[in-house]
Undergrad: 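Please find one structure pasted underneath; my questions will follow.
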Amino acid sequence: MLRETIQAALVEAVRGLGVDGEIPDLELGRAKVPDHGDYASSAGLKLARVLRQPPGQIAQRIAESVHVPDGAAAATAVGGYVNFRFRDEWLQGLVHRVIPGYGARDIGRGERLQVEFGSVNPTGPLHIGHGRGVTLGDSICRLLEFTGHKVQREYYVNSDNTQTRRFGASVYARLHGQEPPEGGYTGEYVIELADMARHDLPGIEKLSEEEAEPKVRMYAIDKMVEQIRATVARVNVRYDDWYYENKLWDSGLPQKAIDRLRATGNIKEREGALWFGEPDDEDDDRVVIRANGQPTYFASDLGYLLSRFEQRGFQRVVEVWAADHHGYVPRMKSAAAALGIDATRLVIILHQMVNLKEGKMSKRAGRFVTLDELIDRVGSDAVRYFYLLRSPDTTIEFDLELAATQGNENPVYYAQYAHARLSNVEATARERHGALPETADVSLLEQPWELEVARQLAFWPDVVEDATLLLEPHRIPYYVHDLATAVHRFYHAGNSQAEHRIVVDDLELTRARLELCRAARHTLKTALDLMGVSAPERM
RNA sequence: GCCCCGCUAGCUCAGUGGAUAGAGCAUCUGUCUUCUAAACAGAGGGUCUGAGGUUCGAAUCCUCAGCGGGGCACCA
């Protein structure tokens, strides 16, 4: 990967200037102005103090001595900056080296990690806010898998908590033709679930409430999980495991965690309940076992930590949560630490909410717009593209009217169209020319719009690395857009001047341009795959 | 009151402490006898919420303030 190579060359050149101690961050990054080249570093400015020399002079000496392997890029000093520009020959050669899966690097070295995402209470259909979590989590998994991590994708199914009990009670009430209890679930689907339960659980109505409620609840939860599974599959989201809370209780891990924390002084008894907190500080204490003997969700989460970090041995766990759970982050971190688990192994990604312009969502009232409805309206590809386009820190204001009327102006088509065009032109070449030379002479790729495509390809590994290390998939659609722009220009050059078409009479030239098409198409496909968006061959 | 996120072009948003702050949409002007016009070329549009501070250098880091959203349960 070139960025890393240049960074190393830069450091070596700085050593050559006689700097032995720690070298400050030389700020090697993408040059923002085309005149400055492709990568730029403020090395001269950074070292001015250490070397007690003018920045321009330092940059000059670095530019003269720096050795970029393979002659990949040329260095020039401008002011205190050292700028690097790709050499055409290197860009041409790169085109050959782009194969399917280009950009993958073994960053993870086989690290076993779990990504737990989308785990909403199975008490109703997924709405558009949940859609953000599942697509974000799924793309994080795809990135990690692409970069040498061993990923397990998990959905934690709450089944025994207050919310799911309320849900079960609501279905039970409907089963008997009654209104759901106070604070229960009132959606139409609850009535449907009651009808299904009546059919699938013969005699359920005759049982006492005490006997019937758990059966009805588990039945309804299973039905909801089934529905959630079907919904996420529509947006290409896959899970390895659906981990049920009741399995956790059966394992005894929550009790084991509590016992351990009691020994460390993190579990305290007060007002008839068990609390978790710092041994000598009551301020942030949270209830683990209620005064009535019932455990809270926090008790199960303690066990869940042990399940993953100890019993199943994940080196790292990534959790994707909606931002309304942010207050829970410090508690989970301190719980992990108290259990003897290095808290940095627990990575929590928060994403902001998804709002509708028309008004607030309310799950209980059943007025929400479901993820299924959204997919029906705009299609899976657009759903994923739009969710992933935003940084997790930004609230999405979903304009349903606009989303529903989207056509040409939809950015997902821009990227897909580039892929389809490339596929089409390759097919056209086969039709028109039949057999082409086996190998391409990439040195024939010398037009600026051709080299620009290659230049974009050169940046792809950087994007993959940054997105992986920062767990920020939104970098991918922005890259896809840049690459698609280069592709469209490359293609379009042939619209105004026939000799610049990809398929021309000159077989050697055609072959070279097809090689560029192939490289760009593979990279577009790879990037779209990471987003879970399809790469059509025809549109 | 405390905690989290945001505030960048008319709108929606990018932007690892670096040079002249970008994109899409919207608006306006051009380009199909064509390998796909779902495209391309171009134009206009900015007090990066405000005030201090750190730094050779701040949209970016720190402090304070404002506005918007979210959270502060023996719910999850």
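Only a predicted model underlies this, so the values are computations on that prediction, with no experimental measurement involved. Quick note on labels: first sequence line is chain A, next is B, and so on, each numbered from 1.
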Undergrad: Name the residue closer to the 5' end of RNA chain B, choosing between A:Arg538 and A:Met353 according to the nucleotide with the nearest heavy atom.
TA: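 Its nearest nucleotide being more 5', the pick is A:Arg538.
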
Undergrad: Pick base, sugar-phosphate or nothing for A:Glu426, based on heavy-atom distances below 4.0 Å to the nucleic acid.
TA: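 Nothing: the residue A:Glu426, judged by heavy atoms under 4.0 Å, touches no strand.
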
Undergrad: Reckon A:Ala40 touches a base, only the sugar-phosphate, or nothing at all at heavy-atom distances under 4.0 Å?
TA: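 Since a base atom lies under 4.0 Å of A:Ala40, the category is base.
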
Undergrad: Under 3.5 Å, side chain of A:His433 to main-chain N/O of A:Val504, donor-acceptor pair present?
TA: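 Yes.
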
Undergrad: Check the distance between B:rA73's C1' and A:Trp275's CH2 and give it to me in whole angstrom.
TA: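 Computing the A:Trp275:CH2 to B:rA73:C1' distance gives 10 Å.
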
Undergrad: Ignoring hydrogens and angles, are the base of B:rG71 and the side chain of A:His325 linked by a donor-acceptor pair under 3.5 Å?
TA: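 Checked by distance alone, the answer is no.
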
Undergrad: Look at the side chain of A:Trp275 and the backbone N and O of A:Arg270, then say whether any donor-acceptor pair between them is shorter than 3.5 Å.
TA: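 Answer holds: yes.
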
Undergrad: Answer yes or no: side-chain N or O of A:His488 and base N or O of B:rC40 forming a donor-acceptor pair under 3.5 Å.
TA: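 Not at all, since no donor on one side and acceptor on the other fall under 3.5 Å apart.
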
Undergrad: For atom P, what is the distance between B:rG42 and B:rG24, given to the nearest Å?
TA: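 Going atom to atom, P in each nucleotide, I get 11 Å.
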
Undergrad: Below 4.0 angstrom from OP1 or OP2 of B:rA73, is there any side-chain N or O of A:Arg286?
TA: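 A:Arg286 to B:rA73 OP1/OP2: no side-chain N or O under 4.0 Å.
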
Undergrad: Quote, to the nearest angstrom, the P distance that separates B:rU63 from B:rC3.
TA: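 Pairwise P distance, B:rU63 against B:rC3, rounds to 11 Å.
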
Undergrad: For A:Leu45 and B:rG18, give me the distance from atom CG to atom C1', rounded to whole Å.
TA: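 Between C1' of B:rG18 and CG of A:Leu45: 7 Å.
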
Undergrad: Dot-bracket for RNA chain B, please, read 5' to 3', with Watson-Crick or G-U wobble pairs under 3.5 Å on both distances, ( ) within the strand, [ ] crossing, | other strand, . unpaired.
TA: (((((((..((((....[...)))).(((((.......))))).....(((((..]....))))))))))))....

Undergrad: Centre of A:Phe298's six-membered ring, under 6.0 Å away, within 45 degrees of the axis: is that where NZ or CZ of A:Arg286 sits?
TA: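 Ring-cation test returns no.
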
Undergrad: At under 4.0 Å between heavy atoms, what does A:Ala420 touch on the DNA or RNA strands: base, sugar-phosphate, or nothing?
TA: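 Base, at least one base heavy atom under 4.0 Å.
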
Undergrad: Any side-chain N or O of A:Asn495 below 4.0 angstrom from OP1/OP2 of B:rA37?
TA: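 So the side chain of A:Asn495 is within the cut-off, an N or O lying under 4.0 Å from OP1 or OP2 of B:rA37.
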
Undergrad: With side-chain contact (heavy atoms from CB on, under 4.5 Å) as the test, would you mind laying out the steps for A:Tyr39 and A:Gln7 before giving the verdict?
TA: CA-CA 10 Å; A:Tyr39 288 109; A:Gln7 173 73 32; over 6 Å; no

Undergrad: In whole Å, what is the span from the CD atom of A:Glu450 to the P atom of B:rC35?
TA: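 Those two atoms, CD and P, are 18 Å apart.
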
Undergrad: Between B:rG53 and B:rA59, how far apart are the P atoms? Round to whole Å, please.
TA: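 Nearest-Å result for B:rA59 against B:rG53 at atom P: 15 Å.
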
Undergrad: Looking only at heavy atoms, which two atoms of A:Leu143 and A:Val464 are closest? And how far apart?
TA: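 Taking A:Leu143 first and A:Val464 second, the nearest heavy atoms are CD2-O, 4.3 Å.
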
Undergrad: Ignoring the backbone of A:Val33, work out which of B:rC40, B:rC35, B:rA19 is nearest its side chain.
TA: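 The answer is B:rA19.
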
Undergrad: From B:rC35, B:rA59, B:rC56, pick the nucleotide closest to the side chain of A:Arg49?
TA: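 Of all the options, the side chain of A:Arg49 is nearest to B:rC56.
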
Undergrad: Between B:rG6, B:rA19, B:rU55, which nucleotide gets closest to the side-chain atoms of A:Tyr81?
TA: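 Among the listed nucleotides, the one closest to the side chain of A:Tyr81 is B:rA19.
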
Undergrad: Could you say whether A:Tyr156 or A:Leu28 is positioned toward the 5' end of RNA chain B, judged by the nucleotide with the nearest heavy atom to each?
TA: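 Looking at the nearest nucleotide for each, A:Leu28 comes out on the 5' side.
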
Undergrad: Distance check: side-chain N/O of A:Arg390 vs OP1/OP2 of B:rU12, anything under 4.0 Å?
TA: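 Answer is no, no contact under 4.0 Å.
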
Undergrad: May I ask you to decide if A:Gly303's main-chain N or O and A:Ser307's side chain share a donor-acceptor pair within less than 3.5 Å?
TA: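 Absent.
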
Undergrad: When you check the phosphate oxygens OP1 and OP2 of B:rA14, does a side-chain N or O of A:Thr394 lie under 4.0 Å from one of them?
TA: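 Looking at the OP1 and OP2 atoms of B:rA14, one of them is under 4.0 Å from a side-chain N or O of A:Thr394.
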
Undergrad: Would you indicate which nucleotide in B:rU55, B:rC35, B:rA19 comes nearest to any side-chain atom of A:His36?
TA: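 Nearest nucleotide to the side chain: B:rA19.
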
Undergrad: Say we look at B:rC11 and B:rC64: how far apart would their P atoms be, to the nearest angstrom?
TA: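 It comes out at 30 Å once rounded to the nearest Å.
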
Undergrad: Expressed in angstrom and rounded to an integer, what is the separation of A:Arg30 atom CZ from B:rU60 atom P?
TA: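 Result: 23 Å.
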
Undergrad: Report which part of the nucleic acid A:Asn158 touches: base, sugar-phosphate, or nothing (heavy-atom distance under 4.0 Å, all strands).
TA: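 Touches sugar-phosphate only.
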
Undergrad: Look at the side-chain N and O atoms of A:Tyr417 and state whether any lies under 4.0 Å from the OP1 or OP2 oxygen of B:rA38.
TA: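 Indeed, a polar side-chain atom of A:Tyr417 lies that close.
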
Undergrad: Classify the ring geometry of A:His325 against A:Trp321: parallel below 30°, tilted from 30° to 60°, perpendicular beyond 60°.
TA: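 A:His325 and A:Trp321: tilted rings.
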
Undergrad: Please confirm whether any donor atom in the side chain of A:His481 sits under 3.5 Å from an acceptor in the base of B:rA23, or the reverse.
TA: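 No.
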
Undergrad: Looking only at the aromatic ring of each residue, does the gap between the centers of A:Tyr385 and A:Tyr414 stay below 6.0 angstrom?
TA: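 No, they do not, as the ring centres are separated by 6.0 Å or more.
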
Undergrad: Please check the phosphate of B:rA37 (OP1 and OP2 only) for any side-chain N or O of A:Arg421 closer than 4.0 Å.
TA: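 Indeed, a polar side-chain atom of A:Arg421 lies that close.
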
Undergrad: Look at all strands and tell whether A:Ser391 reaches a base, only sugar-phosphate, or nothing, counting heavy atoms closer than 4.0 Å.
TA: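 Sugar-phosphate, backbone atoms only, no base.
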
Undergrad: Using atom types as modelled and distance alone, determine if a side-chain donor or acceptor of A:Gln416 lies under 3.5 Å from a backbone N or O of A:Ser534.
TA: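 Between the backbone of A:Ser534 and the side chain of A:Gln416 there is a qualifying donor-acceptor contact (under 3.5 Å).
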
Undergrad: On a whole-Å scale, what distance lies between the C1' atoms belonging to B:rA58 and B:rU8?
TA: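 To the nearest whole Å, 14 Å.
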
Undergrad: When the C1' atoms of B:rG22 and B:rG30 are considered, how many whole Å apart are they?
TA: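 Straight-line distance between the two C1' atoms is 24 Å.
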
Undergrad: To the nearest Å, how far apart are A:Gln352 CD and B:rG70 C1'?
TA: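 To the nearest whole Å, that distance equals 7 Å.
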
Undergrad: What integer distance in Å separates A:Glu397:CD from B:rC25:P?
TA: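 Value for this atom pair: 21 Å.
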
Undergrad: Is it true that the side chains of A:Arg390 and A:His351 contain a donor and an acceptor less than 3.5 Å apart?
TA: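 Short answer, no.
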
Undergrad: Could you work out the separation of B:rC7 and B:rU49 based on their C1' atoms and round it to a whole Å?
TA: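 Rounded to whole Å, the distance is 6 Å.
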
Undergrad: Nearest whole angstrom, please: distance from the P of B:rG69 to the CG of A:Asp393.
TA: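 Whole-Å distance recorded here is 18 Å.
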
Undergrad: What is the distance, to the nearest angstrom, from the CZ atom on A:Arg489 to the P atom on B:rA37?
TA: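 Atom CZ in A:Arg489 sits about 17 Å away from atom P in B:rA37.
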
Undergrad: Please answer whether the main-chain N or O of A:Gln456 pairs with a side-chain N or O of A:Tyr479 as donor and acceptor at a distance below 3.5 Å.
TA: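 Indeed, once roles are kept as given, a pair shorter than 3.5 Å links the two residues.
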
Undergrad: Could you check whether A:Tyr328 gets within reach of a base, just the sugar-phosphate, or nothing at all, counting any heavy atom under 4.0 Å?
TA: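 No contact at all - A:Tyr328 keeps every heavy atom at 4.0 Å or more from the nucleic acid.
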
Undergrad: Check each residue of residues 469-480 of chain A for a non-hydrogen atom within less than 4.0 Å of any atom in RNA chain B, then write out the ones that pass by number, or none.
TA: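 Of all residues in residues 469-480 of chain A, the ones placing a heavy atom under 4.0 Å from RNA chain B are A:His474, A:Arg475, A:Tyr478.
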
Undergrad: What is the nucleic acid contact for A:Ser42, judged by heavy atoms within less than 4.0 Å: base, sugar-phosphate only, or nothing?
TA: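 Contact class for A:Ser42: base.
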
Undergrad: Kindly indicate whether the side chain of A:Asn83 and the base of B:rA19 share any N or O donor-acceptor pair separated by less than 3.5 Å?
TA: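 When only heavy-atom distances are counted, A:Asn83 does reach the base of B:rA19 through a donor-acceptor pair under 3.5 Å.
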
Undergrad: Quote, to the nearest angstrom, the P distance that separates B:rG1 from B:rU16.
TA: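 Going atom to atom, P in each nucleotide, I get 33 Å.
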
Undergrad: Under 6.0 Å from the ring centre and within 45 degrees of the ring axis: does the NZ or CZ of A:Arg308 meet both conditions for the six-membered ring of A:Tyr304?
TA: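 Verdict for A:Tyr304: a cation-pi partner in A:Arg308.
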
Undergrad: Run the ring-ring contact (aromatic ring centres under 6.0 Å, His included) check on A:Tyr155 and A:Trp242 step by step: do they pass?
TA: CA-CA 5 Å; A:Tyr155 190 113; A:Trp242 300 74; 4.7 Å; yes

